[in-house]
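Below is one structure; the comments refer to it alone.
All values derive from a computational prediction rather than experimental measurement.
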Amino acid sequence: MKRVLLFLATNLAIMVVLSIILSILGVSSRSYAGMLTIAAVFGFGGAFISLYISKWMAKKSTGAYVIDQPRNETEHWLVSTVAAQAQKAGIKMPEVAIYDSPEINAFATGPSKNDSLVAVSSGLLAGMSQSEAEAVLAHEVSHVANGDMVTLTLIQGVVNTFVIFISKVLANIVDGFLNGDEEGEGFSWTYMIFDLIFQILFGFLASMIVAYFSRKREYAADKGAADLVGAHKMKAALERLRSNQESKLEGSMMAFGIASGKSVVDLFASHPPLEQRIAALS
């Protein structure tokens, strides 16, 4: 519940700030130019603000402990392993963190290659061998080195922009059909309701596009991990994940986690099936 409330509160704050900016600029919400401006501001603005605060959000929502000074042998191994992999991948050392969760998982996030966070669950440390954990860390470091956070943010921004713009255009058409020119540029409940309905509908469909690119990035991160530590280690880690429980990661953390829960509809899954990922490394 805490994670959900924090997510909703953060996104509400972003919406309010962007709305105030548009209001100050005097952007009309009912002209096509105004609709496109609003769509671009909310589509890209929301995506990039979320990316900018992604590390902070990840730490808050998971309660992750960032290792500043290793307190034991395990933490020392984690930091030194990520440091060696980051150097080999040609990126700045990410922050390394541990979050309390029984699931075997890990994630990477952050606004850029040189400002990132790699976090592992306590369940991963307890349930994986050192070589398997090394491969998982390499997978997350590869996400960072590949610039996947920025790539998916750009894709999400484009998708958001089209969803918002098309929804507003259709809502304007429906409102004009139902109310004629009675309300013109003024406030209209009809317009607001249909705008919301269309955004939910098209947003649901557009999520397939983002999920498709997310799955592609998973294969690339697996290959990157194989290059860093060896394909046999990456395969062993993925085999271990076959018995993993459903992932509780959310949002961008889910997109850049090592594991994912089973999806009812594969088109909406952020991760490919583990069997396919293992076969791709053969």
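Between Arg215 and Glu218 there is no salt bridge, since no side-chain nitrogen of the basic residue lies less than 4.0 Å from a carboxylate oxygen of the acidic one.
No side-chain N or O of Ser121 forms a donor-acceptor pair with one of Asn105 less than 3.5 Å apart. Side-chain atoms of Asp195 and Ser167 include no donor-acceptor pair closer than 3.5 Å.
Taking the side chain as every heavy atom from C-beta outward, Phe194 and Leu178 approach each other to under 4.5 Å. Side chains of His143 and Phe107 form no contact here, defined as non-hydrogen atoms less than 4.5 Å apart. Looking at Ser122 and Tyr99, their side chains never come closer than 4.5 Å, going by heavy atoms from C-beta outward. For the pair Ser54/Met57, no side-chain contact is recorded, criterion being any heavy-atom separation below 4.5 Å from C-beta on. Annotation: side chain of Lys168 is in contact with side chain of Tyr191 (closest heavy-atom distance under 4.5 Å). When side chains are defined from C-beta on, Leu152 counts as touching Ser214, because their heavy atoms get closer than 4.5 Å. Put simply, the side chain of Pro94 does not reach to within 4.5 Å of the side chain of Leu117, judged on heavy atoms. A 4.5 Å side-chain heavy-atom check between Val120 and Val96 finds every atom pair outside the cut-off.
With Glu132 contributing its side chain and Ser129 its backbone, the two residues share a donor-acceptor pair below 3.5 Å. Between the side chain of Glu140 and the backbone N or O of Val118, no donor-acceptor pair lies under 3.5 Å. Asn72 contributes a side-chain N or O that, together with a main-chain N or O of Thr74, makes up a donor-acceptor pair within less than 3.5 Å. Put simply, the side chain of Asp175 never gets that close to the backbone of Ala171: no donor and acceptor are under 3.5 Å apart.
In the hydrophobic clustering of this structure, Leu125 groups with Val229; members are Ile, Leu, Val, Met, Phe, Trp, Tyr whose side-chain heavy atoms approach within less than 4.5 Å, directly or through other members. Under the 4.5 Å side-chain contact rule for hydrophobic residues, Phe204 and Leu196 do not share a cluster. The same ILVMFWY cluster, assembled from side-chain heavy atoms under 4.5 Å apart, contains both Trp77 and Met93.
Partners of Lys55 by salt bridge (Lys or Arg N to Asp or Glu O under 4.0 Å), not counting sequence neighbours, listed by chain and number: Glu95, Asp115. Residues passing the salt bridge (Lys or Arg N to Asp or Glu O under 4.0 Å) test with Lys233, sequence neighbours excluded: Glu134.
For Glu275, the CD atom is densely surrounded, since the number of other residues' heavy atoms within 6.0 Å is greater than 12. By the neighbour-count criterion of 12 heavy atoms within 6.0 Å, atom OH of Tyr65 is densely surrounded, having more than that number from other residues, nucleotides or ligands.
Ring geometry for Phe48 versus Phe44: interplanar angle under 30°, hence parallel rather than tilted (30 to 60°).
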